Amino acid sequence: MNIYEKMMSIDRRILFVLIALSVIIPLLKPLLLPINVTKEAKHLYEFVDELKPGDVVLLSLDYDPSTMAECHPMALSILRQCFSRGIKVIVTSLARPEGLGTAEMALTQAAKEYRKKNGEDYVFLGYKPNAAAVVLAMGENFRLAFPNDFYGSDLENIPMIKGLKNYKNIRIVVTVSGSAIIDTWVIYAGGRYGVPIGAGVTAVMATDYYKYLQSGQLVGLLGGLKGAAEYEKLIKHPDMATKGMDGQNIAHLMIVFFIIIGNIGYFLGKKAKASKGMGG
Amino acid sequence: MAIQFFIPHQISLEVYRGALDWLMIIAGFTMVLGIGSLIIHHTNKLKHQGEGWGYSVVTLLGLVVMAIAGVRGMGIDTPFMQIFIYAQNPIQATMFSLLAFFIASAAYRAFRARSFVATLLLLAAIIVMIGRVPIGAKIWPPIRDISNWLLDYPNMVAKRAIVLGVGLGMISTALKIILGIERSYLGGGK
Amino acid sequence: MNKKLQTRDKGCLRWWILPLAALIFLLALGGGVWAQSPGDTLPPSPPSGVTAFDTPNDAGRNITIDWQLSPDDVRGGKTVKGYDILRSESQEGEFEVVGSVVAGISTFQDDKVDNHKGYFYKVKAKDHLFSESEIVGPVETSGQWYNTNRTVVLIFVVLFTTLVIYFVSSAKKGKKLYVRPIPGMDAVDEAVGRATEMGRPILYILGLSTISDVATIASLTILGRVAKKVAEFQSKLIVPCYDPIVMTVAQEVVKNAYLDAGRPDAYDESNIWFLSQSQFAYAAGVNGIMLRERTATNFYLGMFYAESLILAETGNIAGSIQIAGTDAVVQLPFFITSCDYTLIGEEFYAASAYLSREPKLLGSIKAQDWGKLGLITLIILGGFFASLHIDAFVNLFTVGH
Amino acid sequence: MHISSSIGIWIAAFLTLFVYSFLYKDNPFYKFAEHLVIGLSGGYYIVTVWTQILKPKLFTPLLQQGNLILIFPLILGLFMWARFIPKYSWISRWAIAFTLGVGSGISIPSVMQAMIIRQIQATMLPVGFHSYIGWMNLFIIVGVLTSLIYFFFSAEHKGFLGVSAKIGIWFIMIGFGATFGYTVMSRISLLIGRIQFLMTDWLGVLH
């Protein structure tokens, strides 16, 4: 076996270990490479940053466990930004019933950090099927879509909701989503009721939603783990996404390295074979 | 049903919703058919004590436990959701993350610059992979803009052309089914 | 747009409109002048020019109310906080609030009405005091039978249907139609031959979708041709299935192909079986087959998801000839990099026609090509007009709801 | 550094490790997790199909509200099951034909609208030679046209058509490269998510 063949026949398990290490080591020993902030993330941050204490934001955590890796850090960052500035938050989760668990996790964690009280500083409305109908109903009145909050209290008895009727009392809707539900928000809540919309989506989806940025239908957009890390940087509260970003960096480099090694082996091996063929 | 699209009238809307419901009901039965053949497959294995019949017990148990848990409702605190959160979801999420490893292995073994077009593909992939993470801008700043440009223009253009072609293909297949020209879904018997 | 006031008595529909509009206009004007005295002790000026009409292009049960903003409703201005919309079933009857909007908005849709029943409306501008507009009505709603917003879709569908029918019927009459060679499909014979020589089986994957997916249908057609070749060459064909219905259909397709090839005796139903309906379990199962049976050729034709990479990479390692085709755009790059031939999107649909040479399938390919030519022309025209800033052409293609 | 005391987290962590053990090679632990998830997802489907579809759409209206027309989809659904009995499997053709027929009918206008008309409208862009956007719009139009020409089947790819189709396939390949790149990104993020779960929620070595 010559060197080229060796280069082309590394056991796949070695590759697997390398990939795993390129994620694990940066997590343990963060390099904290600088993260450049895109203008899409900055616009969203600035919009929320300009709100006054007491303003209300509707945050819809429309993702489920399968896209949690990318969406969860975004949700936490936005909640932290709101809570740290005294902005009140209404939370819904409209994509799938499985999303209830992840939404509640994010909300309770952020609320604990900032000692915020359910019913006074935030409300968790929960999930109802048929997102389009729910988004439209909330345009008329929150009580129409959600007579009770997630924990079963009557909306009339929740202090924070008093005086809030529909999107007109909301400064911005932010949807963090792993699915096409973002279209529903943009078309119905944004298009029909004129409320500004911001969004956080997975990396795969991000390219599909630039169109809404250009047309001004979205205030800002966070794309994938990178977008989440950008937001963590903006609110100066680095967390999971920032730590994960190092892993993402190194793992991407590792894969590119594999492609190059594989191709060098392939070409040199072909050349060697060709010259041998001529000799024989 | 194609005609319905152009008729906003209530009656037409009800026909449409009705048909959608019917399709869903039939799909429901088909789903049961799939689960039925799953159960038959595994009970057969059990009966013959075939290789790995123990795993069939696991499958059948999982199925029964989940179905029974579902009887008690689907809220966050129910056993159904708990099993979902702590068993079904981690396994599924982990299986998807296995792809990260397979991509690495495929990158090393399969992605060869065999031809000019394959080289184009590889280069675009590498640029996007590096350009989309912070370290890329550190190594070579313009790569970020290049990768964004690739995503915004050539990527969008190619997708649009494919979608146009696929769209026409889908419509003509649908027409052929309605006109009774396409019958291969019935098994090709003439 | 058929915005119109509809009355209970359809016969007197037309002459109604003008006097009514004029009356509303005059009254509103008068009201506006009367109310336009400043000071906070006075109510805001009422909204004017209220119109109510059956919302067009819908299923009925919806009335749109439009009005002009109260003169006191100015951005950053003082008084008007919003409007209430009131409805009654008779002109003198009790009006009830059916909705309200904030200042600056001048339209409302009332969707809590019944069809074929007259309604009266008025709009109330409010701050801490309020003033009401004139009453308008009666208006009634009904569902419309044709959605004018969708005319352009109808035109496209009709044109394309005509094309398909024309070319299919002319192909049936025996007109020769050319189809360009499609990479991979010419290799089918060779691949099957190679498998026979090596004494190894051929693996055919129909994708991971249901029978109603276009990709699955195209794949079944190709399966028929491949199976016929396999029967002629007396090779072995393995088809592990993901969907039980697709499986039973595939069995019939292969059985018929063996019949066509004159070798019904060689057909073995146990080679086409249901593997699993779980994505990763299916992928793992197929991987096992590829490595154990050392398949000579693998076909991956149909709808694929994330498992495409696992399948194609394993086949690549096993050294099989691989032919893939799908309309799943996200999966295509993985196939392209690890398969010998990959059919992209529509190419995959066309392959079934190319292989089978059936005139009716070829006819529809021809129709699709003409369709594409039409699209290209429209894009060029559209680009041309848009460059000249003539937006009317581009707007022709806007489809409303 | 606190190892989790929640039983659920421990179960989830072990199942995660079971699945990763497949990377070394196929083994009983992986098989256990794999068979478990097949069973669980089967059960999950049964519950969702029943609570979301069959009960609200079929049995409640049929039995309690006497909506007798729903007997037809019930029968068609049962026809599907005829596939189980080889002798009567032809009956299921009716159900398949109905499903496909109605499905095709519904799809034609919506595909025409979403995949064709909206897409060509978005391509009708103003071309200009004095601005970046103007040039890029020209680029988009040329790109879409040449890529579409690649999908011409009834004419030989020679001469002008050949050149266009060749440029078209370049566009398509670059597009696929980009898709590939960000698919990698997503998958790596998922992996990071799982490893963070193991290291944070379970072992507590990170916080």
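It should be emphasised that the depicted structure is a prediction, and the values quoted were computed from it without experimental measurement. All chains are named by letter (A, B, ...) in the order of the sequence lines, taking the proteins before the strands, and each is independently numbered beginning at 1.
- Interface remark: A/Q248 contributes backbone and side-chain atoms alike to the contact with chain D (heavy atom separation under 4.5 Å).
- D/I192 and A/G247 make their closest contact through CD1-C, 4.0 Å (heavy atoms, listed as atom of the first residue, atom of the second, distance).
- Taken to the nearest 0.5 Å, the CE atom of D/M199 stands 10.0 Å off from the NZ atom of A/K243.
- The environment of CG in A/L28 is crowded: more than 12 heavy-atom neighbours from other residues, nucleotides or ligands sit within 6.0 Å.
- By the 4.5 Å heavy-atom criterion applied to side chains, D/L23 and A/R12 are not counted as neighbours.
- Among the candidates A/A20, A/A69, A/P26, A/A251, the residue making the largest number of heavy-atom pairs closer than 4.5 Å to chain D is A/A69.
- Atom CZ of D/F160 has 12 or fewer heavy atoms from other residues, nucleotides or ligands within 6.0 Å.
- Annotation for A/Y151: atom OH counts as buried by contact number, over 12 foreign heavy atoms lying within 6.0 Å.
- The closest side-chain heavy-atom distance from D/I188 to A/L225 is not below 4.5 Å.
- Put simply, NE2 on A/H72 and CZ on D/F197 are 12.5 Å apart, with the number rounded to the nearest 0.5 Å.
- Residues of residues 105-116 of chain A lying under 4.5 angstrom from chain D, judged on non-hydrogen atoms, do not exist.
- How far CG of A/D239 is from CD of D/Q196: 8.5 Å, rounded to the nearest 0.5 Å.
- Atoms CZ and CZ, on A/F16 and D/F22 in that order, are 8.5 Å from each other to the nearest 0.5 Å.
- Around CZ of D/F139, the count of heavy atoms belonging to other residues, nucleotides or ligands within 6.0 Å exceeds 12.
- Interface remark: A/L27 contributes backbone and side-chain atoms alike to the contact with chain D (heavy atom separation under 4.5 Å).
- For the pair A/M240/D/T200, a side-chain contact is recorded, criterion being any heavy-atom separation below 4.5 Å from C-beta on.
- Applying the side-chain hydrogen bond (donor to acceptor under 3.5 Å, both in side chains) definition to pairs two or more places apart or across chains, those involving residues 139-151 of chain D are C/E347-D/Y150.
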